[in-house]
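What follows is a set of notes on a single structure, which appears directly below.
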There are 2 protein chains.
Amino acid sequence: MTNPRNTKAKQAVLNEIANSSFALSQPELFERVKGTCDRVTVYRVLDRLVTENKIHKIVNIDGTINYALCASCDDSHSHAHDHLHFSCVTCKKIECLEEHLIQVKLPETYQIKELFLTISGICPSCQPL
Amino acid sequence: MTNPRNTKAKQAVLNEIANSSFALSQPELFERVKGTCDRVTVYRVLDRLVTENKIHKIVNIDGTINYALCASCDDSHSHAHDHLHFSCVTCKKIECLEEHLIQVKLPETYQIKELFLTISGICPSCQPL
DNA sequence: TTGCAAAACGCAACAATGTTGCATTAAAAA
DNA sequence: TTTTTAATGCAACATTGTTGCGTTTTGCAA
Ligand SMILES: [Mn+2]
Ligand SMILES: [Mn+2]
Ligand SMILES: [Zn+2]
Ligand SMILES: [Zn+2]
(Lines give C-alpha, C1' and ligand atoms only; values in the text may rest on other atoms or scores of the structure.)
(Ligands and ions follow the chains in the order given, each with its own letter.)
Protein backbone atom coordinates (compact mmCIF):
# COMPACT_ATOMS: atom_id res chain seq x y z
CA MET A 1 0.00 0.00 0.00
CA THR A 2 1.42 3.35 -1.07
CA ASN A 3 -0.97 6.26 -1.17
CA PRO A 4 -4.51 5.69 0.06
CA ARG A 5 -7.13 7.23 -2.23
CA ASN A 6 -10.21 9.09 -1.19
CA THR A 7 -12.99 7.29 -3.02
CA LYS A 8 -16.73 7.75 -2.99
CA ALA A 9 -17.25 4.45 -1.15
CA LYS A 10 -14.69 5.32 1.48
CA GLN A 11 -16.23 8.74 2.09
CA ALA A 12 -19.73 7.30 2.35
CA VAL A 13 -18.77 4.59 4.83
CA LEU A 14 -16.64 6.88 6.97
CA ASN A 15 -19.41 9.46 6.96
CA GLU A 16 -21.94 6.96 8.31
CA ILE A 17 -19.57 5.89 11.06
CA ALA A 18 -18.73 9.47 11.98
CA ASN A 19 -22.37 10.54 12.21
CA SER A 20 -23.53 7.59 14.31
CA SER A 21 -23.74 7.72 18.09
CA PHE A 22 -23.06 4.01 18.31
CA ALA A 23 -20.85 1.49 16.54
CA LEU A 24 -22.06 -0.05 13.27
CA SER A 25 -21.55 -3.49 11.73
CA GLN A 26 -20.73 -4.24 8.10
CA PRO A 27 -24.33 -5.29 7.29
CA GLU A 28 -25.65 -2.12 8.90
CA LEU A 29 -23.16 0.02 7.02
CA PHE A 30 -23.88 -1.65 3.69
CA GLU A 31 -27.58 -1.02 4.23
CA ARG A 32 -26.89 2.66 4.79
CA VAL A 33 -24.64 3.19 1.77
CA LYS A 34 -26.63 0.93 -0.56
CA GLY A 35 -26.44 2.16 -4.14
CA THR A 36 -23.06 3.74 -3.56
CA CYS A 37 -20.96 0.63 -3.80
CA ASP A 38 -20.82 -3.15 -3.67
CA ARG A 39 -21.07 -5.33 -0.57
CA VAL A 40 -17.47 -6.49 -0.95
CA THR A 41 -16.24 -2.93 -1.21
CA VAL A 42 -17.60 -2.15 2.24
CA TYR A 43 -15.47 -4.96 3.68
CA ARG A 44 -12.40 -3.67 1.89
CA VAL A 45 -13.05 -0.04 2.84
CA LEU A 46 -13.43 -1.05 6.49
CA ASP A 47 -10.15 -2.95 6.42
CA ARG A 48 -8.41 0.08 4.97
CA LEU A 49 -9.93 2.51 7.45
CA VAL A 50 -8.77 0.29 10.31
CA THR A 51 -5.26 0.11 8.86
CA GLU A 52 -5.20 3.89 8.51
CA ASN A 53 -6.25 4.26 12.17
CA LYS A 54 -9.39 6.13 11.19
CA ILE A 55 -11.72 3.62 12.84
CA HIS A 56 -11.42 0.70 15.23
CA LYS A 57 -13.19 -2.61 15.62
CA ILE A 58 -15.40 -3.41 18.58
CA VAL A 59 -16.48 -6.99 19.13
CA ASN A 60 -19.88 -7.09 20.74
CA ILE A 61 -20.80 -9.67 23.36
CA ASP A 62 -22.51 -11.84 20.76
CA GLY A 63 -19.44 -11.86 18.52
CA THR A 64 -20.65 -9.34 15.95
CA ILE A 65 -17.99 -6.89 14.86
CA ASN A 66 -18.83 -3.20 14.91
CA TYR A 67 -16.88 -0.14 13.85
CA ALA A 68 -16.47 3.24 15.51
CA LEU A 69 -14.39 6.34 14.94
CA CYS A 70 -11.02 6.55 16.61
CA ALA A 71 -11.69 9.62 18.68
CA SER A 72 -8.68 9.81 20.95
CA CYS A 73 -6.18 8.43 18.49
CA ASP A 74 -6.38 10.88 15.61
CA ASP A 75 -2.81 11.76 16.41
CA SER A 76 -1.08 8.79 14.84
CA HIS A 77 1.66 8.63 17.48
CA SER A 78 -0.37 7.08 20.29
CA HIS A 79 -2.91 4.50 19.30
CA ALA A 80 -4.16 2.83 22.46
CA HIS A 81 -7.56 1.26 22.92
CA ASP A 82 -7.68 0.89 26.64
CA HIS A 83 -11.13 2.38 26.97
CA LEU A 84 -14.39 0.71 27.78
CA HIS A 85 -17.44 -0.22 25.70
CA PHE A 86 -21.05 -0.44 26.73
CA SER A 87 -23.45 -2.83 25.04
CA CYS A 88 -27.16 -2.31 25.67
CA VAL A 89 -29.24 -5.49 25.99
CA THR A 90 -32.37 -3.55 25.06
CA CYS A 91 -31.51 -1.45 22.00
CA LYS A 92 -28.48 -3.61 21.07
CA LYS A 93 -26.35 -0.55 20.45
CA ILE A 94 -22.72 -0.53 21.45
CA GLU A 95 -20.88 2.68 22.27
CA CYS A 96 -17.40 3.78 23.31
CA LEU A 97 -16.92 5.23 26.77
CA GLU A 98 -13.62 6.90 26.00
CA GLU A 99 -13.33 8.60 29.36
CA HIS A 100 -13.30 5.33 31.31
CA LEU A 101 -9.91 3.66 31.14
CA ILE A 102 -9.08 0.21 32.37
CA GLN A 103 -6.21 -0.93 34.55
CA VAL A 104 -5.31 -4.56 35.03
CA LYS A 105 -2.45 -6.35 36.73
CA LEU A 106 -1.30 -9.77 35.59
CA PRO A 107 1.67 -11.98 36.45
CA GLU A 108 4.93 -11.10 34.66
CA THR A 109 4.61 -14.25 32.60
CA TYR A 110 1.85 -12.59 30.59
CA GLN A 111 2.77 -9.88 28.10
CA ILE A 112 -0.20 -7.55 27.64
CA LYS A 113 -0.86 -5.98 24.27
CA GLU A 114 -4.41 -4.68 24.28
CA LEU A 115 -7.48 -4.62 26.49
CA PHE A 116 -11.04 -5.37 25.46
CA LEU A 117 -13.64 -4.51 28.04
CA THR A 118 -17.32 -4.51 27.20
CA ILE A 119 -20.04 -4.03 29.75
CA SER A 120 -23.49 -5.31 28.97
CA GLY A 121 -26.53 -3.79 30.58
CA ILE A 122 -29.14 -1.12 30.02
CA CYS A 123 -28.04 2.20 28.56
CA PRO A 124 -29.33 5.58 29.80
CA SER A 125 -31.78 5.90 26.87
CA CYS A 126 -33.38 2.55 27.61
CA GLN A 127 -33.71 2.95 31.39
CA PRO A 128 -37.25 2.24 32.60
CA LEU A 129 -38.53 5.35 34.36
CA MET B 1 -37.39 -28.27 28.42
CA THR B 2 -38.13 -30.71 31.23
CA ASN B 3 -35.48 -33.27 31.98
CA PRO B 4 -32.16 -32.97 30.21
CA ARG B 5 -30.85 -36.28 28.90
CA ASN B 6 -27.34 -37.55 29.00
CA THR B 7 -26.54 -38.50 25.43
CA LYS B 8 -23.36 -39.73 23.78
CA ALA B 9 -22.94 -36.45 21.90
CA LYS B 10 -23.34 -34.39 25.04
CA GLN B 11 -20.82 -36.49 26.93
CA ALA B 12 -18.30 -36.30 24.10
CA VAL B 13 -18.53 -32.52 23.71
CA LEU B 14 -18.44 -31.83 27.44
CA ASN B 15 -15.50 -34.17 27.80
CA GLU B 16 -13.47 -32.28 25.20
CA ILE B 17 -14.22 -28.95 26.86
CA ALA B 18 -13.40 -30.31 30.31
CA ASN B 19 -10.07 -31.75 29.22
CA SER B 20 -8.89 -28.66 27.34
CA SER B 21 -6.67 -26.02 28.94
CA PHE B 22 -8.17 -23.37 26.71
CA ALA B 23 -11.60 -22.51 25.32
CA LEU B 24 -12.80 -24.28 22.16
CA SER B 25 -14.99 -23.14 19.29
CA GLN B 26 -17.78 -25.11 17.64
CA PRO B 27 -15.62 -26.00 14.59
CA GLU B 28 -12.80 -27.14 16.87
CA LEU B 29 -15.17 -29.20 18.97
CA PHE B 30 -16.82 -30.79 15.95
CA GLU B 31 -13.39 -31.74 14.62
CA ARG B 32 -12.60 -33.46 17.91
CA VAL B 33 -15.83 -35.43 18.23
CA LYS B 34 -16.12 -36.24 14.51
CA GLY B 35 -17.80 -39.60 13.96
CA THR B 36 -19.74 -39.31 17.21
CA CYS B 37 -22.45 -36.97 15.97
CA ASP B 38 -23.58 -34.48 13.38
CA ARG B 39 -22.36 -30.89 12.99
CA VAL B 40 -25.77 -29.50 13.93
CA THR B 41 -25.89 -31.62 17.06
CA VAL B 42 -22.75 -29.92 18.35
CA TYR B 43 -24.51 -26.55 18.09
CA ARG B 44 -27.55 -27.89 19.92
CA VAL B 45 -25.49 -29.60 22.61
CA LEU B 46 -23.54 -26.39 23.22
CA ASP B 47 -26.75 -24.39 23.60
CA ARG B 48 -28.06 -26.90 26.09
CA LEU B 49 -24.84 -27.00 28.11
CA VAL B 50 -24.89 -23.20 28.34
CA THR B 51 -28.51 -23.24 29.50
CA GLU B 52 -27.66 -25.84 32.12
CA ASN B 53 -24.79 -23.66 33.40
CA LYS B 54 -22.25 -26.36 32.62
CA ILE B 55 -20.24 -24.19 30.25
CA HIS B 56 -20.05 -20.53 29.29
CA LYS B 57 -19.38 -18.63 26.10
CA ILE B 58 -16.28 -16.54 25.58
CA VAL B 59 -16.15 -14.17 22.64
CA ASN B 60 -12.61 -13.81 21.41
CA ILE B 61 -11.19 -10.52 20.16
CA ASP B 62 -11.80 -11.53 16.55
CA GLY B 63 -15.45 -12.33 17.24
CA THR B 64 -15.14 -16.12 17.33
CA ILE B 65 -17.15 -17.76 20.08
CA ASN B 66 -15.41 -20.24 22.33
CA TYR B 67 -16.66 -22.43 25.15
CA ALA B 68 -15.14 -23.22 28.51
CA LEU B 69 -16.21 -25.05 31.65
CA CYS B 70 -17.95 -23.07 34.34
CA ALA B 71 -15.43 -23.65 37.06
CA SER B 72 -16.58 -21.30 39.79
CA CYS B 73 -20.26 -21.61 39.09
CA ASP B 74 -20.89 -25.32 39.56
CA ASP B 75 -23.03 -24.34 42.49
CA SER B 76 -26.11 -23.19 40.65
CA HIS B 77 -26.97 -20.41 43.10
CA SER B 78 -24.31 -17.91 42.05
CA HIS B 79 -23.58 -17.68 38.36
CA ALA B 80 -21.41 -14.61 37.82
CA HIS B 81 -18.88 -14.20 35.03
CA ASP B 82 -16.92 -11.25 36.26
CA HIS B 83 -13.57 -12.86 35.64
CA LEU B 84 -11.00 -12.08 32.99
CA HIS B 85 -9.94 -13.83 29.80
CA PHE B 86 -6.56 -13.92 28.12
CA SER B 87 -6.24 -14.29 24.36
CA CYS B 88 -2.79 -15.14 22.98
CA VAL B 89 -1.87 -13.47 19.70
CA THR B 90 0.67 -16.21 19.00
CA CYS B 91 -1.07 -19.52 19.69
CA LYS B 92 -4.59 -18.02 19.37
CA LYS B 93 -5.73 -19.83 22.49
CA ILE B 94 -8.07 -18.14 24.92
CA GLU B 95 -8.19 -19.06 28.59
CA CYS B 96 -10.11 -18.08 31.71
CA LEU B 97 -8.23 -16.34 34.50
CA GLU B 98 -10.80 -17.06 37.17
CA GLU B 99 -8.77 -15.58 39.98
CA HIS B 100 -8.67 -12.10 38.43
CA LEU B 101 -11.92 -10.27 38.98
CA ILE B 102 -12.92 -6.96 37.45
CA GLN B 103 -14.35 -3.89 39.11
CA VAL B 104 -15.78 -0.99 37.17
CA LYS B 105 -17.63 2.17 38.13
CA LEU B 106 -20.07 3.85 35.78
CA PRO B 107 -22.58 6.70 36.13
CA GLU B 108 -25.88 5.70 37.76
CA THR B 109 -27.58 6.13 34.41
CA TYR B 110 -26.03 2.87 33.29
CA GLN B 111 -27.39 -0.37 34.68
CA ILE B 112 -24.65 -3.00 34.59
CA LYS B 113 -25.54 -6.62 33.94
CA GLU B 114 -22.37 -8.45 32.98
CA LEU B 115 -18.70 -7.75 32.32
CA PHE B 116 -16.62 -9.02 29.43
CA LEU B 117 -12.91 -8.38 29.74
CA THR B 118 -10.44 -10.00 27.40
CA ILE B 119 -6.76 -9.18 27.35
CA SER B 120 -4.79 -9.88 24.21
CA GLY B 121 -1.08 -10.47 24.36
CA ILE B 122 1.46 -13.27 24.62
CA CYS B 123 0.71 -16.12 26.99
CA PRO B 124 3.36 -17.72 29.27
CA SER B 125 3.81 -20.70 26.93
CA CYS B 126 4.54 -18.48 23.94
CA GLN B 127 6.97 -16.10 25.67
CA PRO B 128 10.23 -15.72 23.76
CA LEU B 129 13.06 -16.71 26.09
C1' DT C 1 -38.19 -56.10 31.74
C1' DT C 2 -41.08 -53.89 28.45
C1' DG C 3 -43.73 -49.96 26.57
C1' DC C 4 -44.21 -45.10 26.03
C1' DA C 5 -43.62 -39.92 25.62
C1' DA C 6 -40.72 -36.63 24.17
C1' DA C 7 -35.91 -35.20 24.20
C1' DA C 8 -32.40 -35.52 21.10
C1' DC C 9 -30.68 -36.69 16.65
C1' DG C 10 -29.48 -36.90 11.38
C1' DC C 11 -29.98 -34.90 7.23
C1' DA C 12 -31.18 -31.70 3.85
C1' DA C 13 -31.99 -27.11 2.83
C1' DC C 14 -31.33 -22.47 3.71
C1' DA C 15 -29.34 -17.92 5.51
C1' DA C 16 -25.83 -14.80 6.90
C1' DT C 17 -21.28 -13.32 6.85
C1' DG C 18 -16.84 -13.09 5.03
C1' DT C 19 -13.08 -14.15 1.26
C1' DT C 20 -10.73 -14.48 -3.32
C1' DG C 21 -9.58 -13.83 -8.34
C1' DC C 22 -9.75 -11.13 -12.16
C1' DA C 23 -11.14 -7.89 -15.58
C1' DT C 24 -12.50 -2.95 -15.42
C1' DT C 25 -12.78 1.75 -13.52
C1' DA C 26 -11.28 5.90 -11.54
C1' DA C 27 -8.22 8.73 -8.32
C1' DA C 28 -4.31 11.54 -8.18
C1' DA C 29 0.33 12.34 -9.57
C1' DA C 30 3.18 13.60 -13.46
C1' DT D 1 -4.19 15.44 -20.55
C1' DT D 2 -1.87 11.14 -19.92
C1' DT D 3 -0.32 7.52 -17.03
C1' DT D 4 -0.05 4.54 -13.08
C1' DT D 5 -2.12 1.56 -10.03
C1' DA D 6 -5.33 1.79 -6.08
C1' DA D 7 -9.87 0.65 -5.79
C1' DT D 8 -14.08 -1.38 -7.56
C1' DG D 9 -17.75 -4.74 -9.38
C1' DC D 10 -19.06 -9.12 -9.97
C1' DA D 11 -19.07 -13.93 -9.74
C1' DA D 12 -17.79 -17.79 -7.27
C1' DC D 13 -16.64 -19.92 -3.14
C1' DA D 14 -15.96 -20.83 2.05
C1' DT D 15 -17.37 -20.82 6.72
C1' DT D 16 -20.51 -20.48 10.34
C1' DG D 17 -24.93 -20.81 12.08
C1' DT D 18 -30.23 -21.90 11.67
C1' DT D 19 -34.62 -24.42 10.70
C1' DG D 20 -37.93 -28.16 9.59
C1' DC D 21 -39.10 -32.69 9.80
C1' DG D 22 -39.07 -37.55 10.02
C1' DT D 23 -36.46 -41.01 12.91
C1' DT D 24 -33.93 -42.62 16.88
C1' DT D 25 -32.86 -43.05 21.65
C1' DT D 26 -33.22 -41.92 26.53
C1' DG D 27 -35.28 -42.07 30.95
C1' DC D 28 -39.28 -43.22 33.35
C1' DA D 29 -43.15 -45.77 34.54
C1' DA D 30 -46.01 -49.63 34.15
MN1 LIG E 1 -14.01 2.17 21.25
MN1 LIG F 1 -14.37 -17.66 31.51
ZN1 LIG G 1 -30.20 0.99 24.90
ZN1 LIG H 1 0.14 -18.56 23.38
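Numbered from 1 within each chain, the chains take letters A, B, ... in sequence-line order. Small disclaimer: the values here were computed from a predicted structure and weren't measured.
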Can you tell me if the side-chain N/O atoms of B:T41 get under 4.0 Å from OP1 or OP2 in C:dG10? yes
Determine whether more than 12 heavy atoms belonging to other residues, nucleotides or ligands lie under 6.0 Å from atom CD of B:E108.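 No - once you tally the heavy atoms of other residues, nucleotides and ligands closer than 6.0 Å, there are 12 at most.
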Distance check, rounded to the nearest 0.5 Å: B:K92 atom NZ versus B:N66 atom CG?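 The NZ atom of B:K92 sits 12.5 Å away from the CG atom of B:N66.
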Using a 3.5 Å distance criterion without hydrogens, assess whether the side chain of B:N60 forms a donor-acceptor pair with backbone atoms of B:D62.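 Between the backbone of B:D62 and the side chain of B:N60 there is no qualifying donor-acceptor contact (under 3.5 Å).
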For the side chain of B:Q127 and the backbone of A:T109, is there at least one donor-acceptor N/O pair under 3.5 Å apart? yes
What residues form a side-chain contact (heavy atoms from CB on, under 4.5 Å) with [X], not counting sequence neighbours?
X     : answer
A:P27 : A:S25
A:R44 : A:V40, A:R48
A:N6  : A:K10, A:Q11

Donor-acceptor pairs are to be reported for all side-chain atoms of residues 116-123 of chain B against protein atoms at under 3.5 Å, with residues two or more places apart or in another chain.
none

Reading DNA chain D from 5' onward, which residue's closest nucleotide shows up sooner: B:K8 or A:D38? A:D38
Please tabulate the protein-to-nucleotide N/O contacts below 3.5 Å involving nucleotides 19-24 of chain C, giving atom names and distances.
| from | atom 1 | to | atom 2 | distance (Å) |
| --- | --- | --- | --- | --- |
| C:dG21 | O6 | A:R44 | NH1 | 3.4 |

ring-ring contact (aromatic ring centres under 6.0 Å, His included) involving B:F30 - partner list, sequence neighbours excluded: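 Listed in chain order: nothing, the list is empty.
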Rounded off to whole Å, could you give me the [atom1]-to-[atom2] distance for the [X] and [N] pair?
X     : N      : atom1 : atom2 : result
B:D62 : C:dT17 : CG    : P     : 17 Å
B:K10 : C:dA8  : NZ    : P     : 7 Å
A:I65 : C:dT17 : CD1   : C1'   : 10 Å

Check nucleotides 28-30 of chain C for protein N or O atoms closer than 3.5 Å to its own N or O atoms and list the pairs.
| from | atom 1 | to | atom 2 | distance (Å) |
| --- | --- | --- | --- | --- |
| C:dA28 | OP1 | A:N6 | N | 2.8 |

With the threshold set at under 4.0 Å for non-hydrogen atoms, list the residues of residues 20-32 of chain B touching DNA chain C in residue-number order. none
Report the relative orientation of the aromatic rings in B:H85 and B:H56; use parallel for angles under 30°, tilted for 30 to 60°, perpendicular for over 60°.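 Geometry flag for B:H56 against B:H85: parallel rings.
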Who are the side chain to side chain donor-acceptor pair (under 3.5 Å) partners of A:Q111, not counting sequence neighbours? none
Which helical stems does DNA chain D take part in, if a stem means at least 3 consecutive Watson-Crick or G-U pairs with both distances below 3.5 Å?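 C:1-30 with D:1-30 - these are the stems of 3 or more pairs that involve DNA chain D.
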N/O donor-acceptor pairs under 3.5 Å from side chains in residues 13-24 of chain B, not counting sequence neighbours:
| from | atom 1 | to | atom 2 | distance (Å) |
| --- | --- | --- | --- | --- |
| B:N15 | OD1 | B:N19 | ND2 | 3.3 |
| B:N19 | ND2 | B:N15 | O | 3.4 |
| B:S20 | OG | B:F22 | N | 3.2 |
| B:S20 | OG | B:F22 | O | 2.7 |

Pairs in or reaching into residues 32-41 of chain A: which pass side chain to side chain donor-acceptor pair (under 3.5 Å), with residues at least two apart or in two chains?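 Matches after skipping sequence neighbours: A:E31-A:K34.
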